[in-house]
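For reference, the structure is listed below as structure tokens.
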Amino acid sequence: QVQLIQSGGGLVQAGASLTLSCAVSGLTFSGYAVGWFRQAPGKEREFIARTSQNGDITYYADSVKGRFTLSRDNANDMAYLQMNRLKPEDAAVYYCAADLSLWRLANTASYWGQGTQVTVSS
């Protein structure tokens, strides 16, 4: 019943921008912190960013700090990841996730989106 449906992935050139969307249903969205993760082939899942229930607290991994921006729209049960100045090393499957605990979203989550591929050509 809980669904996190992602969209916005695709193929872009290095230096380009891309925005990922995550539509959440089946839970009280404003009660959940939201996180974004990525996983490249042969690599461990990597934390990217997370935000608190009302969006007033955000954390970013050093690898994306200054380039990626996390946001949420509680009125529409949506979360977004704006990615700027993309690099080839950003290529991965990106996942949105939700958890009651902002702390736990540093590593994992209770609910996960299906993932969307981001490919960055050099």
Side-chain angles (χ1 to χ4, degrees):
Q1 292 183 354
V2 175
Q3 291 187 304
L4 283 69
I5 301 176
Q6 299 180 231
S7 60
L11 171 64
V12 299
Q13 294 184 346
S17 297
L18 198 64
T19 299
L20 306 182
S21 298
C22 179
V24 181
S25 62
L27 51 75
T28 302
F29 184 57
S30 61
Y32 285 77
V34 170
W36 289 88
F37 299 80
R38 67 188 182 189
Q39 188 167 21
K43 301 293 183 65
E44 297 290 323
R45 184 179 64 214
E46 177 188 12
F47 165 79
I48 300 169
R50 66 190 195 272
T51 187
S52 59
Q53 284 80 347
N54 64 1
D56 63 337
I57 303 172
T58 57
Y59 297 95
Y60 295 92
D62 288 342
S63 59
V64 306
K65 195 173 299 181
R67 299 189 298 120
F68 290 12
T69 302
L70 174 69
S71 63
R72 63 187 297 163
D73 180 358
N74 284 356
N76 293 292
D77 296 349
M78 295 288 296
Y80 304 95
L81 183 68
Q82 181 181 332
M83 305 182 293
N84 297 325
R85 304 191 305 280
L86 282 160
K87 305 174 181 179
E89 51 262 45
D90 293 320
V93 176
Y94 283 71
Y95 299 90
C96 64
D99 199 280
L100 290 169
S101 170
L102 180 63
W103 173 81
R104 188 155 66 172
L105 273 171
N107 300 291
T108 189
S110 295
Y111 303 103
W112 294 87
Q114 82 278 15
T116 187
Q117 178 71 52
V118 173
T119 303
V120 185
S121 62
S122 59

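Values reported hereafter were calculated over all heavy atoms of this structure, with side chains retained and with hydrogens, waters and symmetry mates removed.
- In this structure, CZ in Arg72 is found 8.0 Å from CG in Asn54, a value given to the nearest 0.5 Å.
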Exercise. Before giving the answer on salt bridge (Lys or Arg N to Asp or Glu O under 4.0 Å), spell out for Asp62 and Lys65 the whole-Å C-alpha distance, their side-chain angles and the decisive distance to 0.1 Å.
Key: CA-CA 5 Å; Asp62 288 342; Lys65 195 173 299 181; 3.1 Å; yes
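- Ser52 places no side-chain N or O within donor-acceptor distance of the main-chain N or O of Ala33, the cut-off being under 3.5 Å.
- The shortest distance between side-chain heavy atoms of Met83 and Asp90 does not fall below 4.5 Å.
- Of all non-hydrogen atoms in Gly113 and Tyr95, the two that sit nearest each other are O-CD2, 3.6 Å.
- With hydrogens and angles ignored, the 3.5 Å screen pairs no side-chain donor or acceptor of Thr28 with any backbone N or O of Gly31.
- Scored by the side-chain contact (heavy atoms from CB on, under 4.5 Å) test, Asp77 finds Phe29 as partners (sequence neighbours excluded).
- Contact check for Leu105 versus Tyr59: no side-chain heavy atoms found under the 4.5 Å cut-off.
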Quiz prompt | Derivation of the side-chain contact (heavy atoms from CB on, under 4.5 Å) call for Leu20 and Trp36 | solution = CA-CA 10 Å; Leu20 306 182; Trp36 289 88; 3.8 Å; yes
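- Between Phe68 and Tyr94, the ring-plane angle classifies as tilted under the 30° and 60° cut-offs.
- Looking only at distances, a side-chain donor or acceptor of Arg85 sits under 3.5 Å from a matching main-chain atom of Gly66.
- When all heavy atoms are compared, the tightest approach of Ala109 to Ala97 is CB-CB, 3.4 Å.
- Between Trp112 and Phe37, the angle of the ring planes lies from 30° to 60°, which puts this pair in the tilted group.
- Judged by distance alone, the side chain of Gln13 and the main-chain N or O of Ser121 form no donor-acceptor pair under 3.5 Å.
- Side-chain atoms of Asp73 and Tyr80, non-hydrogen and from C-beta on, do get closer than 4.5 Å to each other.
- Each of Leu70 and Val93 belongs to its own hydrophobic cluster when Ile, Leu, Val, Met, Phe, Trp and Tyr are linked at side-chain heavy-atom distances under 4.5 angstrom.
- A distance of 11.0 Å separates CD in Gln39 from CD1 in Ile48, rounded to the nearest 0.5 Å.
- Judged by distance alone, with hydrogens and angles left aside, the side-chain atoms of Gln1 form no donor-acceptor pair with the main-chain N or O of Leu27 at under 3.5 Å.
- Ion pairing between a basic and an acidic side chain is recognised when a charged N comes within 4.0 Å of a carboxylate O; Asp99 and Arg50 show no such pairing.
- With values rounded to the nearest 0.5 angstrom, Thr69 atom OG1 is found 8.0 Å from Leu81 atom CG.
- With contacts defined as side-chain heavy-atom distances shorter than 4.5 Å, the pair Val34/Val24 does not qualify.
- Across every non-hydrogen atom of Ala14 and Ser122, the tightest pair is CB-CA, 4.4 Å.
- When all heavy atoms of Ile5 and Gln114 are compared, the closest pair comes out as CA-OE1, 3.6 Å.
- Val118 and Phe47 are assigned to two separate hydrophobic clusters, defined by single-linkage of ILVMFWY side chains at heavy-atom distances under 4.5 Å.
- Listed for the Gln6 side chain is a donor-acceptor partner under 3.5 Å among the backbone atoms of Cys96.
- For the atom pair Arg45 CZ and Asn107 CG, the distance stands at 8.5 Å (nearest 0.5 Å).
- Taking each heavy atom of Ser110 and Arg104 in turn, the nearest pair found is OG-NH2, 3.1 Å.
- Between Ser63 and Glu46 the shortest side-chain heavy-atom distance falls below 4.5 Å.
- No option in Thr51, Ile57, Thr58 other than Ile57 meets the side chain to side chain contact (heavy atoms under 4.5 Å, CB included) test with Leu102.
- Side chains of Gln53 and Ser30 form no contact here, defined as non-hydrogen atoms less than 4.5 Å apart.
- Within the 4.5 Å cutoff, the side chain of Ser21 has heavy atoms near those of the Met78 side chain.
- Tyr32 and Val2 fall within the same hydrophobic cluster, defined by Ile, Leu, Val, Met, Phe, Trp and Tyr side-chain heavy atoms under 4.5 Å apart, directly or through other members.
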